Number of protein chains: 2
Amino acid sequence: MKVLIVEDDPLHRSYLHEAVSAALPECETVIEAENGLSGEKLARDHKSAHIVMDLQMATRNGIEAARTIWKERPETRILFWSNYSDEAYVRGVSRIVPDGAAYGYVLKSASDERLKLALRSIFVESQCVIDREIRGVQQKSLGQTNGFTDSEYEILVDIALGLTDRAIARRRNLSLRSVQNRLQQLYDKLDVYQSTGEDSEDARFNLRTRAVTTALLRKLLNYSALEKAEADLQEWLTNL
Amino acid sequence: MKVLIVEDDPLHRSYLHEAVSAALPECETVIEAENGLSGEKLARDHKSAHIVMDLQMATRNGIEAARTIWKERPETRILFWSNYSDEAYVRGVSRIVPDGAAYGYVLKSASDERLKLALRSIFVESQCVIDREIRGVQQKSLGQTNGFTDSEYEILVDIALGLTDRAIARRRNLSLRSVQNRLQQLYDKLDVYQSTGEDSEDARFNLRTRAVTTALLRKLLNYSALEKAEADLQEWLTNL
DNA sequence: CGAGAAGTTGCGGGTTCACGCAAGACGCGG
DNA sequence: CCGCGTCTTGCGTGAACCCGCAACTTCTCG
């Protein structure tokens with residue numbers, strides 16, 4: 001058995017290395033990559049390897065790397081190991097996991113025990129292991145109770161990028177009015193209507209910007225999601 | 001000599017502990033705190049301690065903690081140890097350092113050597129040590145070449161929070177028009193005027209939102225700055 | 001002291017937004 | 001087939017926003 005570790009913090013990397021060796025005595029090779037790009041490359045070179053992947057890396061983040069790896073070999077088992085349970089990450093991951101693939105999501109704050117257990121479950125038993133805390137976020141995100149539909153999320157991203165209503169309409173092939181409808185849905189869900197001036201009369205926020213910030217503060221959106229969205233946007237722009 | 005380590009990642013904490021012991025044999029006590037709040041408390045209990053402080057902690061970030069610590073004892077020596085060189089952090093730090101205080105700013109990616117040298121320089125020699133990389137950001141931020149004046153930064157934060165022009169005017173005691181002037185300065189500096197539809201006619205961004213996102217992507221603003229600004233805003237709101 | 005740079009404020013107008021109202025369009029169980 | 005909910009679209013209005021123009025106030029510096 002081979003395990004590939006993709007993690008940019010050297011301390012965490014060596015910690016993982018140890019944890020893997022301890023939890024999986026049957027693992028004869030441990031390979032390390034210190035960013036998403038070299039992670040992808042090493043994954044290509046070592047077809048059979050299981051992967052432990054950090055999200056949030058400087059040059060190429062975990063979600064992107066995982067996506068290209070899974071594209072080439074969908075049965076790859078990947079354990080995501082992250083500091084954060086941002087909805088943006090959870091959504092990002094569950095968006096890219098192939099049908100039936102075994103994967104896991106464990107927080108860095110989890111105990112040694114939890115981590116080792118997860119390593120065995122997913123790499124040996126092919127089970128999916130998702131931290132309890134993450135599950136909560138996942139529920140909220142997928143079940144529509146408090147969460148977002150894809151179209152709402154899409155618009156959120158679009159306004160975050162600073163597109164005008166008209167530009168969004170063009171990009172998503174909608175009428176102007178439909179875009180605005182979706183915006184209102186979004187505003188409702190984000191509860192952006194609190195007053196600014198307390199009891200006085202006018203007292204409202206700039207809904208557009210407020211929505212973005214609220215989403216950021218609630219971690220429905222985060223830096224790396226924005227970064228990716230911006231890249232997509234630039235691509236779309238150059239393609240007429 | 002006593003050293004207080006404030007850092008929420010246990011791995012980094014123990015790494016720091018070792019580094020401190022190795023670099024400062026004259027240090028007889030090393031204390032650890034795993035978030036900003038308990039860091040403040042321990043700093044109060046151990047008046048003479050020097051501090052190594054992480055920025056970016058969950059419950060109370062390093063800048064906040066440092067501010068209250070310096071407020072109580074301005075001559076405290078603090079070495080900031082951070083993953084990021086975001087302008088938002090650098091600006092945040094240099095905003096709170098008391099006159100004449102000895103402090104340092106070292107990136108986590110720095111070598112062992114650099115870290116130990118910084119530890120000795122600041123705690124023993126009372127020198128300021130700022131990573132080369134940080135210095136660059138600082139220059140850019142303080143010198144107005146490419147950077148922001150305080151008033152521009154202020155407005156950036158205000159629109160990021162989702163305030164309307166009118167609300168900003170009230171908050172900052174300005175006329176509506178002045179607010180809009182500052183906004184235009186900001187738009188200029190952030191270079192927000194690129195077209196959206198390429199050669200075609202309309203093709204502009206929603207400047208307001210675009211400015212915020214651009215700032216985020218350029219790390220002039222980041223999550224923790226937003227968080228703090230939001231808290232300030234709420235406070236201001238309740239005070240009529 | 002006077003020229004000039006920098007910042008503040010009012011006015012006016014063109015544009016974009018937020019959103020109520022209402023008329024189709026599509027899907028789905030009865 | 002019909003009724004009902006969800007989604008899309010058009011029209012129209014009032015508010016907010018972006019910004020050019022121009023008169024004033026400070027400040028600074030020679």
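Numbered from 1 within each chain, the chains take letters A, B, ... in sequence-line order. Treat the numbers as computed from the prediction; the structure is a model and nothing was measured.
- Rounding to whole angstrom units, CZ of residue Arg204(B) and P of dC17(D) are separated by 16 Å.
- Nearest-nucleotide mapping onto DNA chain C: of Gln185(B) and Leu207(A), the residue sitting toward the 5' end is Gln185(B).
- Residue Gln184(A) places none of its side-chain N or O atoms closer than 4.0 Å to OP1 or OP2 of dC17(C).
- Closest non-hydrogen pair, Tyr84(B) versus Leu107(B), comes out as O-CD2, 3.6 Å.
- Using a 4.5 Å heavy-atom threshold, the side chains of Lys228(A) and Ile63(A) count as separate.
- When the P atom of dC17(C) is taken as reference, atom CD1 of Ile155(A) falls 12 Å away, rounded to whole Å.
- Looking only at side-chain heavy atoms (C-beta outward), His50(A) and Leu119(A) stay at 4.5 Å or farther from each other.
- Residues Ala229(A) and Leu161(A) share a closest heavy-atom pair of O-CD1, 3.8 Å.
- When each of dA18(C), dT9(D), dC17(C) is scored by its nearest atom to the side-chain atoms of Ser175(A), the top-ranked nucleotide is dT9(D).
- Distance, Arg172(B) CZ to dT9(C) P: 14 Å, rounded to whole Å.
- The side-chain heavy atoms of Glu7(A) and Lys108(A), taken from C-beta on, include a pair separated by under 4.5 Å.
- Note on Leu176(B): nothing from the nucleic acid sits closer than 4.0 angstrom, heavy atoms only.
- Note: CG (Leu183(A)) to C1' (dT8(D)) measures 15 Å, nearest angstrom.
- Taking the side chain of Ser178(A) as heavy atoms from C-beta on, and the options dG20(D), dC19(C), dT9(D), the nearest nucleotide is dT9(D).
- Listed nucleotides: dC17(D), dT8(D), dC11(D). Nearest to the side chain of Asn206(A): dC17(D).
- Phosphate contact (OP1/OP2 of dC17(D), side-chain N/O of Tyr187(B), threshold under 4.0 Å): absent.
- Rounded to an integer number of Å, the gap from Asp188(B) CG to dC18(D) P is 13 Å.
- Arg170(A) has its CZ atom 11 Å from the P atom of dT16(C), to the nearest Å.
- Closest to the side chain of Arg182(B), from the set dC19(C), dT16(C), dT8(C), is dT8(C).
- Atom CD1 of Ile168(A) and atom C1' of dC17(C) are 11 Å apart (whole Å).
- Atom-to-atom, CG of Asn181(B) to C1' of dC17(D) comes out at 13 Å; the value is rounded to the nearest Å.
- For Gln180(A) against dC19(C), a side-chain-to-base donor-acceptor contact under 3.5 Å is present.
- Taking 3.5 Å as the limit, the base of dG12(C) and the side chain of Arg177(B) contain no donor-acceptor pair of atoms between them.
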